[in-house]
Amino acid sequence: MSYDVSIGDQSFNYTSNVSKLWYDHICDSGKGGGLHELHGLTGKEAVALLGEAFSRIDDACFGNGRDHAFFSQYDAANGWGSAYGGLLFMARIMTACAKNPRKKVHVYA
């Protein structure tokens with residue numbers, strides 16, 4: 001299973017094996033948490049939400065000098081997906097959202 005995220009004419013796909021990363025750091029506002037929180041937001045709104053998530057990740061990971069332990073807890077046990085890949089996926093989505101501030105984000109999982 002994977003996450004498919006699109007905005008404007010850009011779309012991205014990544015394994016759901018690292019979804020714990022997104023659920024732990026993207027607050028649940030009633031849409032189910034994780035990347036589902038982006039669904040229906042404008043690019044501008046999604047950039048703000050992802051910015052908050054990256055800040056939480058930064059505090060949890062680098063703020064305490066325990067980056068290895070942080071990343072290893074989110075790496076997929078079966079080798080299909082990593083915390084680094086999950087962060088790059090978020091960054092790609094955030095970049096696309098910044099380029100499409102008025103378009104809506106669609107998330108399918």
Side-chain heavy atoms of Ile26 within contact of Leu50, under 4.5 Å: yes
Pairwise distance CG(Leu88) to CZ(Phe12) - rounded to 0.5 angstrom: 12.0 Å
I want to check something: taking the side chain as every heavy atom from C-beta on, are Leu87 and Phe71 in contact at a cut-off of under 4.5 Å? yes
Indicate the atoms forming the closest heavy-atom contact of Val18 with Ala76, along with that distance. CG1-N, 4.2 Å
Any non-hydrogen side-chain atom of Ile93 less than 4.5 Å from a side-chain atom of Ile7? no
For Ser2 against Asn13, the heavy-atom pair lying closest together: OG-ND2, 3.1 Å
Mind checking side chain to side chain donor-acceptor pair (under 3.5 Å) for Ser11 and listing every partner two or more places apart, or none if nothing turns up? none
Just list the side-chain donor-acceptor pairs under 3.5 Å for residues 94-109, sequence neighbours left out, or say none.
unit_1: Thr95; atom_1: OG1; unit_2: Ala91; atom_2: O; d: 2.9
unit_1: Asn100; atom_1: ND2; unit_2: Ala96; atom_2: O; d: 2.9
unit_1: Lys104; atom_1: NZ; unit_2: Gly40; atom_2: O; d: 3.3

Can you tell me how far the OG1 atom of Thr15 sits from the CG atom of Asn78, to the nearest 0.5 Å? 7.0 Å
Partners meeting side chain to side chain donor-acceptor pair (under 3.5 Å) with Ser6 (sequence neighbours left out): none
Say whether, by atom type as modelled, one donor and one acceptor occur between the side chain of Asp75 and the main chain of Ala83 under 3.5 angstrom. yes
Could you list the residues that satisfy side chain to side chain donor-acceptor pair (under 3.5 Å) with Glu45, not counting sequence neighbours? Thr42
Is there a donor-acceptor pair closer than 3.5 Å between any side-chain N or O of Lys31 and the backbone N or O of His39? yes
How about Leu41 and Leu49: do any of their side-chain heavy atoms sit closer than 4.5 Å? yes
Among residues two or more places apart or on two chains, list those pairs meeting side chain to side chain donor-acceptor pair (under 3.5 Å) that have a residue in residues 18-28. Tyr3-Tyr23, Lys20-Asp24, Tyr23-His36, Asp24-Tyr74, His25-Tyr74
Would you say the side chain of Phe70 lies within less than 4.5 Å of the side chain of Ile57, judging by non-hydrogen atoms? yes
For residues 79-93, which residue pairs qualify under side chain to side chain donor-acceptor pair (under 3.5 Å), counting only residues two or more places apart or in two chains? none
Spacing of CD belonging to Glu52 relative to SG belonging to Cys27, to within rounding of 0.5 Å: 7.0 Å
